[in-house]
Amino acid sequence: MADSEITRRNFSKTLAGAAVGMLASAGPLARAVLGANDRIGIGLIGAGGMGQFNLKDFLKTDQVDVVAIADPFVPNLDRGLELTDGKAKGFKDFRAILDNKDIQAVIIATPDHWHAIPMIMACEAGKDVYVEKPLSHTLAEGRKMVQAVAKYNRIVQVGTQQRSGEHFQKAVELVQSGKIGKVTLAKTWIHSNSSPAGMGNPPDTDPPAWLDWDLWLGPAPYHAYNRNRCIGSFRSFWDYSGGTLTDWGVHLLDIVHWAMGVDAPKTVSTFGGKYVLNDNSEIPDTLEVVFEYPASPVSGKEFIVTWSNRHTNTRGPDGHNYGIEFYGTEGTLFLDRDGYTVWPERKPVGGESVMAFGVIKSEGSAQHYPHVVNFLDCVRSRRKPHSDVETTHRSTSAPHVANIAFKLGRKLRWNRDDEQFPNDPEANKFLTKQYRKPWNMI
Ligand SMILES: NC(=O)c1ccc[n+]([C@@H]2O[C@H](COP(=O)([O-])OP(=O)(O)OC[C@H]3O[C@@H](n4cnc5c(N)ncnc54)[C@H](O)[C@@H]3O)[C@@H](O)[C@H]2O)c1
């Protein structure tokens with residue numbers, strides 16, 4: 001057993017919080033070129049819900065050997081190890097994975113506040129990376145991640161897997177072909193209803209014995225353990241996430257950016273609050289965002305994008321609780337993971353009201369598995385993956401900018417070139433955050 005490999009028995013004795021040097025690692029370790037038939041050694045960092053989902057699809061390709069898994073929450077670590085039939089080694093500290101020469105690529109499926117540091121360290125250690133969305137926890141962090149990928153010449157796929165879905169690709173082509181005319185508005189939304197109790201108000205307690213809470217918190221400010229702050233529900237706390245807006249907004253806004261050929265809004269206005277839920281979550285239960293975008297190369301026109309999320313009522317446009325809808329001068333396109341529908345506009349022609357084309361419908365298509373396969377293909381070919389880091393940094397930036405407008409309670413202007421709020425030092429303070437030692441390395 002490697003020094004720091006862990007089991008339930010020795011868990012509490014292994015020290016995860018030992019100070020490390022600034023992004024200290026063993027330097028580029030990955031093999032330079034992988035042949036078409038070479039298996040790819042994989043390390044998984046974060047074996048919770050999405051880590052296990054990723055692991056299953058990576059294993060399904062039969063192109064990989066899962067060499068090691070790291071997670072400071074032992075029940076999830078155990079579940080991940082079980083998926084490998086006990087073949088992988090388990091650690092609570094992800095640095096053990098970065099030092100392993102048999103690992104060419106890592107999957108990072110930690111909470112959002114724990115994406116940037118392991119991703120940058122993995123790039124520095126010569127690993128390729130499949131990192132979950134939202135790419136970053138702050139705008140500055142995202143830019144540093146982009147820079148690390150370029151500096152260490154790594155292949156990085158971000159977990160915005162809708163880009164690998166055939167029906168998403170076709171829907172984007174339809175918008176770009178002009179079928180629905182000039183799009184002046186795109187709506188994005190997701191709704192649920194957990195009112196009024198939400199996730200409740202459990203008290204702060206000591207962390208369970210099978211969790212290294214200090215390592216789970218990592219760069220986040222110290223806070224006493226609270227069940228709601230941790231596994232799965234971390235998304236409701238600003239220290240670990242950007243709330244529903246970054247959690248789902250990045251998936252949906254990413255497709256709008258792609259279809260419209262843009263990558264950043266000019267302005268953003270956000271309205272909302274925690275009006276009804278009486279749990280200990282910090283994020284709004286009702287949120288409305290209006291983004292103004294510059295002229296789209298597709299339509300030649302400026303346009304508006306809206307984001308809407310509620311945890312208090314499930315009904316969205318056309319009865320869909322989540323989705324994307326493009327409104328064009330010739331038609332409307334609704335799109336979600338289960339398919340798309342295009343409805344033509346009725347237009348007056350010679351005194352008659354005429355539809356330019358019939359309703360077009362498509363079923364949904366697989367997204368996650370082809371996204372994993374695309375990543376592994378790119379690890380071999382060194383081509384750019386479907387969700388490359390710069391593109392996804394831009395899709396993640398829009399929700400970050402909107403969250404800052406929400407926190408400040410006013411409309412903001414955004415300059416995508418220098419990634420600053422022009423002449424707005426108050427807003428620019430939100431571009432980054434404080435990192436708790438010894439993780440103050442970004
Ligand atoms: N692509 C998608 O559609 C999709 C879907 C769900 C979640 N996600 C993303 O996946 C990430 C994880 O979400 P989840 O729902 O699986 O959360 P989760 O809480 O179920 O799992 C996160 C795991 O990371 C572990 N972890 C925390 N700090 C760690 C560290 N320093 N090193 C290693 N492991 C650590 C936790 O203990 C936990 O087991 C989030 O960023 C989320 O946005 C993406």
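Residues take their numbers from the sequence shown, with the count starting at 1.
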Polar side chain donor-acceptor pair, [X] to [Y], under 3.5 angstrom:
{"X": "Asn226", "Y": "Asp204", "result": "yes"}
{"X": "Gln162", "Y": "Asp254", "result": "no"}
{"X": "Asn280", "Y": "Asn228", "result": "yes"}
{"X": "Tyr240", "Y": "Arg229", "result": "yes"}
{"X": "Glu419", "Y": "His393", "result": "yes"}
{"X": "Glu141", "Y": "Ser136", "result": "no"}
{"X": "Asp239", "Y": "His137", "result": "no"}
{"X": "His311", "Y": "Ser192", "result": "yes"}

- What about the rings of Trp414 and Phe421, do their centers lie closer together than 6.0 Å?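 For Trp414 and Phe421, the ring centres are under 6.0 Å apart.
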- Item | Test of ring centre spacing under 6.0 Å for Trp216 and His113 |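 So the answer is yes for these two rings.
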Distance check, rounded to the nearest 0.5 Å: [X] atom [atom1] versus [Y] atom [atom2]?
{"X": "Thr329", "Y": "Lys182", "atom1": "OG1", "atom2": "NZ", "answer": "7.0 Å"}
{"X": "Gln161", "Y": "Ser387", "atom1": "CD", "atom2": "OG", "answer": "8.0 Å"}
{"X": "Leu333", "Y": "Thr341", "atom1": "CG", "atom2": "OG1", "answer": "8.0 Å"}

Lys/Arg N to Asp/Glu carboxylate O, [X] vs [Y], below 4.0 Å:
{"X": "Asp318", "Y": "Lys187", "result": "no"}
{"X": "Asp247", "Y": "Lys133", "result": "yes"}
{"X": "Glu390", "Y": "Arg143", "result": "yes"}
{"X": "Arg410", "Y": "Asp424", "result": "yes"}

Between [Y] and [X], is there a side-chain heavy-atom distance shorter than 4.5 Å?
{"X": "Val262", "Y": "Pro297", "value": "yes"}
{"X": "Ile120", "Y": "Gln147", "value": "no"}
{"X": "Tyr222", "Y": "Trp213", "value": "yes"}

Just wondering, more than 12 heavy atoms not from [X] lying within 6.0 Å of its [atom1]?
{"X": "Arg413", "atom1": "CZ", "answer": "no"}
{"X": "Arg436", "atom1": "CZ", "answer": "yes"}
{"X": "Glu166", "atom1": "CD", "answer": "no"}

- Where do Phe58 and Tyr130 land on the ring-ring contact (aromatic ring centres under 6.0 Å, His included) test, with the steps shown first? CA-CA 11 Å; Phe58 273 78; Tyr130 185 105; 5.5 Å; yes
- Message: Checking side-chain hydrogen bond (donor to acceptor under 3.5 Å, both in side chains) between Arg310 and each of Asn313, Thr312, Thr314, which is the one that passes?
- Response: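 The option that passes is Asn313.
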- Quiz item: cation-pi between Lys407 and Trp238, 6.0 Å / 45°: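 Yes.
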- Task: With sequence neighbours left out, write down each residue that passes side-chain hydrogen bond (donor to acceptor under 3.5 Å, both in side chains) with His257, or none if nothing qualifies.
- Result: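 For His257, the residues satisfying side-chain hydrogen bond (donor to acceptor under 3.5 Å, both in side chains) (neighbours in sequence not counted) are Tyr293.
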- Query: Which is it for Trp258 and Phe168 under the ring-ring contact (aromatic ring centres under 6.0 Å, His included) test, yes or no, and what are the steps along the way?
  - Reply: CA-CA 10 Å; Trp258 184 18; Phe168 277 96; 8.0 Å; no
